[in-house]
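Below: one structure, written as structure tokens.
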Amino acid sequence: MGQLRASRLTADAVVFRPVPGGGTAVGSVTGVSTDESPFLRACRREPGERVPVWFMRQAGRSLPEYRALRGHGSILEAIRTPDLATEISLQPVRRYGVDAAILYSDIVTPVAAIGFGVDVEPGVGPVIDQPFSSAADLARLRPLEPEADTPYVLETVKNLVSELVDVPLIGFAGAPFTVASYLVEGGPSRTYARTKALMYGDDDLWFALLDRLADLALASLRSQVEAGASAVQLFDSWAGALSPSDYQRYVLPASTKVFAGLAELGVPRIHFGVNTGELLGLMRSAGADVVGVDWRVDLDDARRRLGDDVALQGNLDPAACLCPWPVVADRVRDVLRRAGSHPGHVFNLGHGVLPETDPGILGQVVELVHAEGRADRLTG
Ligand code: CP3
């Protein structure tokens, strides 16, 4: 398990080892620096001591210690409270021994911070007071000034980096298309009909909207990296609603702008979407170092589609984690087998942890990936 410092909020539920002497935050008792951690090595396609694993939506959801800490308060309020957001981000690292932490925040944090009028309704997701519908709404999307608008995010990142000794922190943002879908639809959608109507019907307004959202994502990600995040993930969760040609024309330029703006920072850039089997090559071409693959494409097939000069992240079906352990174990082994000996594999789920998942199973997944993923990759 990664090394953590003593936490500022309650840590009674799970035992962890504080850093001896409580000394500096860099390096660790194992002598492995964050930069040489299994996660960052795999992102760079370098053979490492083990196959790294973390889980999308690992912070929250299925963890009882999360529910105990959060109570019924608003998510956006928790995100604005750095001590709380720090503790929630650390909980899965402690419990599961995952190889990366992800910041506890949300893809709507930047738009909420500039006053677009977003709330997150329990059991629903982001809900918008006045959805985006016309050119006049562009004025409601001013540039993000991270120090002034999201100081709590930067404080959480700094707290985390000082508490996590040899475990890298992943910063994240919503990709322009996925954030646009919430702003235009007014909330979660199954069809993205309004979003597509705007996209197909009004080029000028669509590209202006996506450009604003690219700038917001970029400003947020840059600030997270400058505060200490070691990698970033751009979540284009709902891009799979588009055909390759529409993705290429209407979405790729804005996402490419985000990745290009991060290049000089030198941190691995992960690009993830759901149902994006047909888009994997385009998502890679946006400038990603690591491409997230959901469970609909086998990893050996994803590797064939993308070639060797990119890392892959994925792709256990989250629903498999609801099965008895022997079934889960077989499926974990299948993912490892399909990833083969290529060193550029970060084990993850194909999408987020389902709320009903038994945390014990996720702990066993981590152990199994660490135990059995290693041999192949060392020779890779
Ligand atoms: O799931 C994804 O595709 C990841 C991208 C994404 C996030 N938020 C990142 C996130 C998306 C699409 C959202 C929007 C959102 N926000 C939804 C989905 C609604 C829909 O359209 O289906 C929901 C339910 C929220 C609200 C929210 N955000 C909750 C309830 C939580 C707490 C933990 C949880 O997952 O239940 C979050 C935190 C959050 N959103 C994190 C991330 C990366 C940080 C926690 C983590 O990843 O472990």
Side-chain angles (χ1 to χ4, degrees), residues 53-67 69-81 84-96 98 100-112 118-128 153 156-157 160 169-192 195 213 217 220-221 224 229 231-241 270-276 283 292-295 313-315 318 348-357 359 362:
V53 47
W54 69 281
F55 303 116
M56 287 183 277
R57 309 301 280 271
Q58 66 189 14
R61 294 211 159 180
S62 70
L63 286 182
E65 58 267 35
Y66 167 75
R67 287 192 220 108
L69 199 57
R70 279 263 295 113
H72 295 290
S74 120
I75 286 223
L76 292 179
E77 213 31 63
I79 290 168
R80 289 187 201 112
T81 312
L84 193 55
T86 302
E87 174 60 18
I88 294 170
S89 306
L90 293 175
Q91 285 177 338
V93 183
R94 280 195 204 110
R95 185 189 266 264
Y96 303 133
V98 282
I102 182 150
L103 176 70
Y104 186 76
S105 183
D106 194 77
I107 60 167
V108 295
T109 299
V111 279
V118 185
D119 206 354
V120 175
E121 272 187 29
V124 178
V127 176
I128 312 295
V153 170
T156 302
V157 171
L160 282 167
L169 174 70
I170 304 170
F172 75 92
F177 173 79
T178 289
V179 175
S181 79
Y182 287 105
L183 301 191
V184 175
E185 303 291 333
S189 166
R190 277 188 301 116
T191 60
Y192 308 97
T195 311
L213 296 178
S220 176
L221 290 171
Q224 293 173 49
V232 292
Q233 178 155 329
L234 192 67
F235 280 99
D236 211 350
S237 302
W238 314 137
I270 310 169
H271 200 182
F272 170 77
V274 182
N275 225 337
T276 44
M283 291 179 73
V293 182
D294 83 0
W295 64 89
Q313 178 173 278
N315 72 344
N348 205 315
L349 304 179
H351 194 194
V353 173
L354 296 170
E356 58 270 46
T357 308
L362 294 179

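Everything numeric in this text was worked out from a predicted model, so none of it was measured. Just follow the structure's listing: the first ligand is 1, and inside any ligand the first atom is 1.
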Between F177 and Y192, how do the two ring planes meet: parallel, tilted or perpendicular, split at 30° and 60°?
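Ring orientation, 0 to 90° scale: tilted.
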State plainly whether the residues R94 and E87 are in salt-bridge range, i.e. N to O under 4.0 Å.
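A salt bridge links R94 with E87.
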So which pairs with a foot in residues 176-188 pass salt bridge (charged side-chain N to carboxylate O under 4.0 Å, His left out), sequence neighbours left out?
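For residues 176-188: none.
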Any pair with a residue in residues 71-81 that passes salt bridge (charged side-chain N to carboxylate O under 4.0 Å, His left out), sequence neighbours left out, goes on the list, sorted by first then second residue, please.
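Qualifying pairs, neighbours excluded: E77-R80.
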Taking side chain to side chain contact (heavy atoms under 4.5 Å, CB included) as the test, write out the residues that go with I270, two or more places apart.
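Expected list: F39, Q233, V290, Q313.
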Using heavy atoms and a cut-off under 4.0 Å, could you grab the residues that are in contact with ligand 1, chain by chain, numbers ascending?
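Ligand 1 pocket, heavy atoms under 4.0 Å: R57, Q58, A59, R61, Y66, I75, I102, L103, Y104, S105, D106, I107, V120, V124, G125, P126, F172, Y182, P188, F235, S237, W238, H351.
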May I have the step-by-step check of side-chain contact (heavy atoms from CB on, under 4.5 Å) for L63 and Y96, ending in yes or no?
CA-CA 11 Å; L63 286 182; Y96 303 133; 3.2 Å; yes
